[in-house]
Amino acid sequence: MRMVDLIEKKRDGKELTTEEINFIIQGYTQGEIPDYQVSALAMSIFFKDMTERERADLTMAMVHSGDTIDLSAIEGVKVDKHSTGGVGDTTTLVLAPLVAALDIPVAKMSGRGLGHTGGTIDKLEAIAGFHVEISKDEFVDLVNRSKIAVIGQSGNLTPADKKLYALRDVTATVNSIPLIASSIMSKKIAAGSDAIVLDVKTGAGAFMKTVDDAKQLAHAMVSIGNNVGRKTMAVISDMSQPLGLAIGNSLEVKEAIDTLRGQGPKDLEELCMALGSQMVFLAGKADSLEDAEEKLQEVIRNGKALEKFKEFIANQGGDASVVDHPERLPQAQYLIEVPAKQDGVVAEIVADEIGTAAMLLGAGRATKESEIDLAVGLMLNKKVGDAVKVGDSLVTIHANREDVAQVLEKIYANIHIADHAEAPVLIYGTVTE
Ligand code: URA
Ligand code: CA
């Protein structure tokens with residue numbers, strides 16, 4: 001087989017065979033096929049697309065390019081949740097203990113954040129002592145015993161995707177549905193879950209800026225998952241404004257605790273219920289989505305979800321007393337209010353820009369090497385659709401330095417007040433095939 005012939009085939013809009021796709025991914029991973037040929041292929045895929053079969057084959061070729069996690073030693077249906085990335089998205093911190101409280105195994109492999117998108121591990125590390133450097137055996141043991149554990153991403157998971165994603169980043173081929181869908185799904189499948197609930201975000205803070213694009217991506221991922229034998233479904237949710245009120249590591253841990261207590265922000269609560277009930281349903285622990293939601297509400301009411309969060313923290317070396325004493329989480333030195341300059345209704349809180357404002361404070365990483373400050377971030381005091389009067393605080397800045405002029409400027413530039421506005425739709429729909 002010659003790579004040049006395969007590039008030509010895709011350039012002309014023809015379908016690649018399973019063998020051809022395996023040849024490309026193996027050769028690329030092993031360094032036998034050079035970047036320039038794979039760049040040309042990626043650009044051909046960008047313009048000519050891939051069939052469902054090609055997408056599933058590409059995904060599985062990437063899965064087999066490195067280690068895969070075998071979760072078969074864990075009893076029960078392992079359901080994973082994946083978000084395509086957003087700002088202040090605290091859902092994983094809430095859903096992991098919430099679902100585990102119903103005896104559904106949550107075996108989570110997670111990463112650190114880059115840019116304005118926070119990583120679940122960073123957030124959990126805001127809890128003193130908490131660590132994810134546990135052995136594979138410990139991980140499996142913990143999930144069997146407590147139904148919940150988080151482990152750091154293995155170094156050699158889907159190396160083909162790592163290489164291809166980096167190449168796409170510098171060849172203007174990131175934004176291709178078959179390439180994004182296979183990239184995300186390869187990592188989820190290699191991580192070993194039986195069923196996958198996807199939260200596909202749409203809006204300013206998301207990869208997919210329109211609902212139509214988000215639906216297309218959701219269909220692509222759901223079809224890959226189901227074609228390779230993992231029960232997969234997707235929820236399309238709004239990321240035009242940040243989710244919940246907290247953006248920042250400690251602040252989001254506190255927000256998760258409030259939500260597990262039944263006192264979280266309304267949008268975060270609603271999305272957690274939508275995603276959580278799908279997880280419970282896919283795990284076979286409920287007869288219907290309504291039944292699943294009722295079960296989730298019950299473990300919030302009776303305190304089991306909160307207890308599960310404490311158990312999870314203690315299991316991984318963390319100080320579980322933060323659940324009852326959130327003031328023991330890292331606290332910022334300065335709290336600075338951002339008063340509204342006019343009366344009206346909040347019409348827009350541009351998610352990615354507000355995320356960048358939090359990153360400027362130190363809540364996120366500008367580069368992979370940046371250190372993050374777990375204490376800092378932003379608390380929104382208003383959301384889109386809320387009425388405001390001059391002087392009302394729009395946001396409270398939690399900072400570890402006094403000079404926040406640049407952050408203030410970014411916040412003012414990205415929270416728009418108008419005469420009329422309504423809260424956006426939170427959930428645009430679900431995709432099951
Ligand atoms: N996230 C991924 O992991 N891969 C993509 O291609 C895009 C977003
Ligand atoms: Ca939040």
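Both counts, for ligands and for their atoms, begin at 1 and track the order of listing. Note that the structure is a prediction, hence the values are computed from the model and not measured.
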Below 4.0 angstrom, N of the basic side chain to O of the carboxylate: do [X] and [Y] qualify?
| X | Y | result |
| --- | --- | --- |
| Asp258 | Lys254 | yes |
| Lys136 | Asp70 | no |
| Lys48 | Asp12 | no |
| Asp238 | Lys201 | no |

Just wondering, is there an N, O or S atom on [X] that's nearer than 3.0 Å to the Ca ion (ligand 2)?
| X | result |
| --- | --- |
| Val87 | no |
| Gly244 | no |
| Gly88 | yes |

For this session: Find, among atoms of Glu255 that are N, O or S, the one nearest to the Ca ion (ligand 2), and state its name.
Result: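 Output for this pair reads OE1.
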For this session: To the nearest 10 degrees, could you say what angle the Ca ion (ligand 2) makes with O of Ala246 and O of Leu243?
Result: 110°
Exercise. Can you pull the residues with any heavy atom under 4.0 Å from ligand 1?
Worked result: Tyr165, Arg168, Ile180, Ser183, Ile184, Lys187, Phe207
For this session: Go through the structure and list residues passing side chain to side chain contact (heavy atoms under 4.5 Å, CB included) with Asp169, not counting sequence neighbours.
Result: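 Once residues adjacent in sequence are excluded, the partners of Asp169 under the side chain to side chain contact (heavy atoms under 4.5 Å, CB included) criterion are Val174.
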For this session: Identify, with sequence neighbours excluded, every residue that meets side chain to side chain contact (heavy atoms under 4.5 Å, CB included) alongside Ile427.
Result: Val235, Glu270, Leu271, Ala274
For this session: Just do the salt bridge (charged side-chain N to carboxylate O under 4.0 Å, His left out) check on Lys147 and Glu311 with the steps written out, would you?
Result: CA-CA 10 Å; Lys147 299 298 168 196; Glu311 182 184 339; over 6 Å; no
Problem set entry | Residues that Ser393 engages under side-chain hydrogen bond (donor to acceptor under 3.5 Å, both in side chains), provided they are two or more places apart | Glu337, Asn381
